[in-house]
Q: 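Structure in structure tokens, see below.
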Amino acid sequence: MDLLQHMTERARSLQRCVVLPEGNEPRTLRAANRILGEGLAKVILIGNADEINALAAADGLEAIAQAQIVDPADKAVIDRYAPVLLELRKSKGMTEEQAAKTAADPLYLGCLMVKTGDAYCMVAGAENTTGDVLRAAFQVIKTRPGIDVVSGAFIMIMPEGVDYGTDGIMIFADCAVVPNPDARQLAQIAVSSAETARKIAGIEPRVAMLSYSTKGSGKGDQVDKVVEATRLAHEMDPCVDLDGELQADAAIVPVVAAKKAPGSEVAGKANVLVFPSLEVGNIAYKLVQRIAGAQAVGPVLQGLAAPVNDLSRGASWEDIYKTIIMTCNQ
Ligand code: ACO
């Protein structure tokens with residue numbers, strides 16, 4: 001059984017409740033219809049019921065009848081969630097009036113439903129920008145204990161015959177969130193990525209902290225940052241197999257590793273690649289996806305206190321369907 005099939009079966013047995021703030025967005029509705037039709041999760045759609053039902057009827061999406069629809073224009077909804085938001089944000093100067101207005105924003109409302117346990121997880125971003133989805137999640141869901149930086153990983157599934165990682169599965173991070181992580185943030189990204197490898201991809205992590213230098217071969221502030229991040233990550237989680245600084249070839253090619261990093265437990269067989277900046281991570285995952293033909297599942301937002309995932313605005317309805325399944329597994 002491949003990873004996606006495995007996650008699908010797991011979602012079916014978990015029966016989690018996902019809130020979709022972009023409830024009247026056509027690709028999202030189609031994905032929700034399939035999730036409901038296949039019995040993979042419970043679904044809450046945020047939006048106007050008449051509008052959603054009309055769109056579903058026009059597209060023949062019969063399973064949408066099983067979704068719960070929550071309308072942000074409903075006063076009872078805002079009366080329930082605005083006080084929760086006010087409590088979370090009053091120390092930042094939010095007023096009662098601002099809380100009522102912000103709670104009616106579907107992205108905040110979705111996060112508030114997760115925060116209160118009315119939904120288990122949230123998927124959004126088919127229409128909204130990454131920044132808008134992330135900001136709502138940061139402010140409402142916040143980070144989990146011991147982590148103060150949220151990052152975004154991709155599960156990279158290599159095409160048949162390409163056996164890097166573990167059975168062709170690798171984790172790449174951060175590819176989505178933190179533009180210029182410092183050493184401490186990079187260490188947290190590494191520890192969170194190891195957990196994503198274990199808990200979501202089902203592989204035992206071997207984490208490479210990537211750089212343009214292997215074990216002192218190159219010099220510079222960017223190398224020093226990765227060396228320090230490696231030290232801090234070891235401190236944060238001494239049980240994770242993690243090594244750095246490593247160049248990409250030393251991280252994944254055994255013969256290169258034998259020359260450049262002899263004796264390393266990780267070099268040559270890394271399955272989690274931690275990039276030194278968002279710029280590198282984002283470019284790298286897109287190139288591997290396009291040139292090598294790998295499937296890129298994600299970004300999986302890691303470090304949040306509850307599962308929320310952001311979609312690309314170019315996502316197809318099938319991408320949204322897969323992201324919902326993955327989020328229900330988090
Ligand atoms: N982890 C946890 N909390 C964070 C993080 C983070 N990485 N970044 C910001 N926050 C918190 C702040 O502490 C702040 O909390 P507070 O309001 O309680 O004080 C809140 O979020 C808002 O902070 P801002 O500084 O206003 O947020 P900012 O405007 O910097 O936005 C954002 C953060 C949107 C994540 C920004 O860093 C960003 O744009 N990152 C790049 C996103 C992107 O474009 N990715 C590439 C495309 S995605 C793809 O291709 C898959």
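One-based numbering, in listed order, for ligands and for the atoms of each.
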Q: Under 4.0 angstrom from atom 15 (O) of ligand 1, is there any protein heavy atom?
A: no
Q: Considering only heavy atoms from C-beta outward, does the side chain of Met326 approach that of Asn309 to under 4.5 Å?
A: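 Side-chain contact under 4.5 Å: yes.
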Q: Do the non-hydrogen side-chain atoms of Gln98 and Glu96 ever get within less than 4.5 Å of each other?
A: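 Contact flag for Gln98/Glu96 side chains = no.
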Q: Would you say atom 41 (C) of ligand 1 touches the protein, meaning some protein heavy atom is under 4.0 Å from it?
A: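 There is a protein heavy atom less than 4.0 Å from atom 41 (C) of ligand 1.
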Q: Considering only heavy atoms from C-beta outward, does the side chain of Thr327 approach that of Val18 to under 4.5 Å?
A: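 Side-chain contact under 4.5 Å: no.
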Q: I want to confirm something. Looking only at heavy atoms, which of Met94, Lys92, Arg89 is nearest to atom 17 (O) of ligand 1?
A: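 Among Met94, Lys92, Arg89, the closest heavy atom to atom 17 (O) of ligand 1 belongs to Arg89.
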Q: Starting from atom 43 (C) of ligand 1, locate the nearest protein heavy atom and write down its residue, its atom name and how far away it is, to 0.1 Å.
A: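 Scanning the protein heavy atoms, the shortest distance from atom 43 (C) of ligand 1 goes to Ala176 O, 3.6 Å.
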Q: Give the contacting part of Val150 toward ligand 1: side chain, backbone, both or neither, where contact means a heavy-atom distance below 4.0 Å.
A: both
Q: Got Ser264 and Asp243 here, is their nearest side-chain heavy-atom distance under 4.5 Å?
A: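 Of all side-chain heavy-atom pairs linking Asp243 with Ser264, at least one is under 4.5 Å.
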Q: Who's the nearest protein heavy-atom neighbour of atom 27 (O) of ligand 1, and how far?
A: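 Going by distance alone, atom 27 (O) of ligand 1 is nearest to Arg135 NE, 3.9 Å.
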Q: Is there a heavy atom of Gln185 sitting under 4.0 angstrom from any atom of ligand 1?
A: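 Flag not set, Gln185 not near ligand 1.
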Q: Check the surroundings of atom CD in Glu235: do more than 12 heavy atoms from other residues, nucleotides or ligands lie under 6.0 Å from it?
A: yes
Q: Return the closest protein heavy atom for atom 48 (S) of ligand 1 as residue, atom name and distance.
A: Thr130 OG1, 3.8 Å
Q: Any idea which protein heavy atom is nearest atom 39 (O) of ligand 1, and the distance to it?
A: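 Of the protein heavy atoms, Gly131 CA, 4.9 Å lies nearest.
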Q: Are there protein heavy-atom neighbours of atom 23 (O) of ligand 1 below 4.0 Å?
A: no
Q: Restricting to non-hydrogen atoms, name the atom on Arg144 and the atom on Ser192 that form the minimum distance, rounded to 0.1 Å.
A: NH2-OG, 4.3 Å
Q: How far is atom 5 (C) of ligand 1 from the closest protein heavy atom, and which atom is that?
A: Phe138 CE1, 3.3 Å
Q: Please determine whether a side-chain nitrogen of the Lys or Arg among Lys260 and Asp249 lies less than 4.0 Å from a carboxylate oxygen of the Asp or Glu.
A: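 Yes.
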Q: Return the closest protein heavy atom for atom 49 (C) of ligand 1 as residue, atom name and distance.
A: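 Minimum-distance protein heavy atom for atom 49 (C) of ligand 1 reads Asn282 ND2, 3.6 Å.
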Q: Can we call the ring centroids of Tyr285 and Phe154 under 6.0 Å apart?
A: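 Here the rings of Phe154 and Tyr285 have centres that are less than 6.0 Å from each other.
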Q: Would you say Val177 and ligand 1 have an N/O pair spaced under 3.5 Å apart?
A: yes
Q: Counting only heavy atoms, which portion of Leu134 has something under 4.0 Å from ligand 1: side chain, backbone, both, or neither?
A: side chain
Q: Check whether any protein heavy atom sits under 4.0 Å from atom 45 (N) of ligand 1.
A: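 It does: a protein heavy atom is found less than 4.0 Å away from atom 45 (N) of ligand 1.
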Q: Is the closest protein non-hydrogen atom to atom 10 (N) of ligand 1 under 4.0 Å?
A: yes
Q: Nearest heavy-atom pair of Thr230 and Glu245: which atoms, and what distance?
A: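 Closest heavy-atom pair between Thr230 and Glu245: OG1-N, 4.4 Å.
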Q: Please could you name the atoms of ligand 1 that Val149 approaches to less than 4.0 Å, counting only its heavy atoms?
A: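 Those atoms are 1 (N), 7 (N).
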Q: Just let me know how Pro179 lines up against ligand 1, side chain, backbone, both or neither, with a heavy-atom cut-off below 4.0 Å.
A: side chain
Q: Need the ligand 1 atom indices (1-based, order shown) with element for anything under 4.0 Å from a heavy-atom of Asp148.
A: 1 (N), 2 (C)
Q: Pull out every atom of ligand 1 sitting under 4.0 Å from any heavy atom of Val178, numbered as shown with elements.
A: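 Taking each heavy atom of Val178 in turn, ligand 1 has 7 (N) under 4.0 Å.
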Q: Of all the heavy-atom pairs spanning Ile141 and Ala305, show the shortest one and how long it is.
A: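 Taking every non-hydrogen atom into account, O-CB, 3.5 Å.
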Q: Is the shortest distance from a Lys or Arg side-chain nitrogen in Glu204 or Arg206 to a carboxylate oxygen in the other one below 4.0 Å?
A: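 No, this pair does not count.
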Q: Identify the heavy atoms of Val177 and Leu278 that sit nearest to each other, and give their distance.
A: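 Answer, listing the atom of Val177 first, then Leu278: N-CD1, 3.7 Å.
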Q: Please determine whether the number of non-hydrogen atoms from other residues, nucleotides or ligands lying under 6.0 Å from atom CD of Glu38 exceeds 12.
A: yes
Q: Please tell me if atom 1 (N) of ligand 1 is touched by the protein, where touching means a protein heavy-atom distance below 4.0 Å.
A: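 Yes, because at least one protein heavy atom sits under 4.0 Å from atom 1 (N) of ligand 1.
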